[in-house]
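Notes follow once the structure below has been shown.
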Amino acid sequence: MLKTHNCGELNSSDVGKNVKLAGWLQVRRDHGGLIFLDIRDRSGLAQVTADPSVGEAFSIAEKVRTEYVLQVEGKVRPRPEGTVNPNLPSGEVEVLARTITILNPSKTVPIPIDDEGDKTDETIRLKYRYLDLRRPRLQKNLMLRHRIIKFMRDYLDKAGFMEIETPMMIKSTPEGARDYVVPSRAQPGKFYALPQSPQQLKQLLMVAGYEKYFQIARCMRDEDLRGDRQPEFTQLDIEMSFVEREDVLALVEGLITELIPAVTPHKRIISPFPVMTYGEAMDRFGSDKPDFRFGMEITDLTDAVRGSELILFSDAITAGGTVKCIVAPGCSHYSRKDLDILTELVRSAGAGNLATLAWTPEGMKGTAAKKLSQAELDRISTITQAKEGDLACIIADRPAAVAKGLSALRLEFRDRLKLVPEDLLAFGWIVDFPMFEWDEDEKQWISMHHPFTSPRVEHLDKLESDPGAVMSDAYDLVCNGFELASGSIRIHDRDVQAKIFKSLGYNNEEIQRRFGHMLDAFEYGAPPHGGIAPGLDRMIMLLCDEPNIREVIAFPKTASGSDLMFDAPAELEPKHLRELHIKITD
RNA sequence: GGGGUCGUAGUUCAGUUGGUUAGAACGCCGGCCUGUCACGCCGGAGGUCGCGAGUUCGAGUCUCGUCGGCCCCGCCA
């Protein structure tokens, strides 16, 4: 080894030892007759002192520059009285250099890497990701990521699970996200698809009798990206045989409840995790992934304003819509400009106009105040429990649009009013999802979760008569407004599975061609089974207090799916394309 | 696919109603300095104002297009 000690771990117990350090030059402080070098490795910093009276180290120390890779050999000594640096774990000691070897010089780095990186344009950070990753923030994030995944592997191993790898090159499935595809050279005109998740494979492992499976699984989906969505991402993929919903929830809840204190002891969780139905979540929070860290719940004003002279409300109700609101405490003073921003937010969420009511010392103000009767205003005050200083934001529209708009407003007020404690992780379960949702474009029912999700047995008879009323055995884990995991009890009965495919609009021929392998497998003793798949990037993002998942992924892609370091995706050589039997047409 | 926003020195930014040689801080380079740790002091270099058209006597500034980053809607079984 070129080093005997880690920089950040040097301390007074090493005084007197001859040590070799190797690392990067973080900063050089040249006092003319004395030079200090801060040497950094993965463990942290150590101060090296070059004195002209000691060896030939000094002449090298005059030449070295930031980010040079150096090897330093010398003796550890306590720092002189009054020069101890209490901000540095190794701050009580320094290494008096006898020799300094330049292992590799460095050009001046294009971005500062001795800060958090939050001031630097992300384009350049991603182009020079190997430098960006040198900063302690990202090293800390990736280290925590490692510990989290290590904990999960150990926990599941102890619980009797086995990790099994599944192929990356499989077959395109018609439903769900767009697939990334890989052309076959050996079979012209045919393509593999990269897995959106190992869903079918893990179910087939249950048929194969493995009972408890997990995998740290990479998933690929060719859809547009967000701060919490990358084209490839990592799931803790889990599947179990002979389980019911509560067994899966208990496993994941136990895992997380032990994980958090082990890896991020400064974080608080609420135990046990609250369980809420999809319907209740939509009613109270307007979202299927509510942020449970604060209240500001939605109240229903539909009955209170039925037949109102305010046509914005009465028209919406007549058209089958609802009138609902949230109350923002202490926001009655909001200016026209503030309200314009909120209105625009609601509009971009796809809801109709925002109406407001403000409880001010001078009485009721706001866009809805004039046209509402005193009786209506009284009823609204009672229902919402609003008091002086409060601002009610009211939306009248189709139920889905109202939910969308109020949910967006609720999160906006969360951030504006700083309503959430930073150390709280508010996990919760959302259960009892509808089996299907209506696709207006395709004019057909589509799976809300995925087509292998089991309907609730008591709803089986409504599959054909009333698909919209069928509930599924699906469940989501949410935390702080993010969907962190999604899972379900699966179908293991061939005939039920075939019925679901039919409900989704497939004919027998299509079912056999696309899903024949699943139906066949279910005919050979498929056990009852279910599973779940927590999204690791999002979970790690929350545990690292990062605002997006790019900060917890070593080499992430941009919102347009580019890798700015590799400059991927890129064109292929014509020869390469010919081999793959591919012609570019536009 | 749609909307918003940003792009000026290596980095972060300023740049007035369109008008002289486009500035600052940090970083970088050189000099001085034996206890600094955001070392200090003195000096210096460094610019395709993302790119391309257009308007104008004159464009960093205005218009159009285009490329790229970020955020949001759609999308993400």
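Naming convention: chains lettered A, B, ... in sequence-line order (proteins, then strands); numbering from 1 in each chain. Just so it is clear, the structure is predicted and the values come from calculations on it, not from any experiment.
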(request) Measure from the side chain of A:Asn548, starting at C-beta and using heavy atoms only, and say which of B:C71, B:C28, B:G35 lies closest. (result)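 Nucleotide nearest to A:Asn548's side chain: B:C71.
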
Determine the contact category for [X]: base if any of its heavy atoms lies under 4.0 Å from a base atom, sugar-phosphate if only primed atoms, P, OP1 or OP2 are that close, otherwise nothing.
| X | answer |
| --- | --- |
| A:Thr83 | base |
| A:Asp114 | nothing |
| A:Thr453 | nothing |
| A:Gly227 | sugar-phosphate |
| A:Asp121 | sugar-phosphate |
| A:Gln230 | nothing |
| A:Arg65 | sugar-phosphate |
| A:Pro451 | base |
| A:Glu122 | sugar-phosphate |
| A:Ile124 | sugar-phosphate |
| A:Arg28 | nothing |
| A:Arg77 | base |
| A:Gln196 | nothing |
| A:Pro80 | base |

(request) Would you please classify the geometry between the A:Tyr278 ring and the A:Phe433 ring as parallel, tilted or perpendicular, with 30° and 60° separating the classes? (result) tilted

(message) Counting neighbours of OH on A:Tyr192 that are heavy atoms of other residues, nucleotides or ligands and sit closer than 6.0 Å, is the number greater than 12?
(response) no

(message) Check the phosphate of B:G74 against A:Lys404, side-chain N and O only, distance under 4.0 Å to OP1 or OP2. Yes or no?
(response)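 True: A:Lys404 side-chain N/O within range (under 4.0 Å) of B:G74 OP1/OP2.
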
(message) Between B:C76 and A:Arg229, counting only base atoms on the nucleotide and side-chain atoms on the residue, is there a donor-acceptor pair under 3.5 Å?
(response)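 Yes, the side chain and the base share a sub-3.5 Å donor-acceptor pair.
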
(message) Pick the closest RNA chain B nucleotide for A:Asn87 and for A:Glu223 by heavy atoms, then say which residue is nearer the 5' end.
(response)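 It is A:Asn87 whose nearest nucleotide is closer to the 5' end.
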
(request) Output yes if the stacking criterion (under 5.5 Å between centres, under 30° between planes) is met for A:His31 over the base of B:C39, else no. (result) yes

Rounded to whole angstrom, note down the [atom1] distance from [N] over to [M].
| N | M | atom1 | value |
| --- | --- | --- | --- |
| B:A25 | B:C70 | P | 32 Å |
| B:C76 | B:G68 | P | 24 Å |
| B:G10 | B:G47 | C1' | 12 Å |
| B:A14 | B:A9 | P | 12 Å |
| B:U5 | B:C62 | P | 13 Å |
| B:G46 | B:G30 | C1' | 14 Å |

(message) Less than 4.0 angstrom from a charged side-chain N to a carboxylate O is my criterion; do A:Arg245 and A:Asp432 meet it?
(response) yes

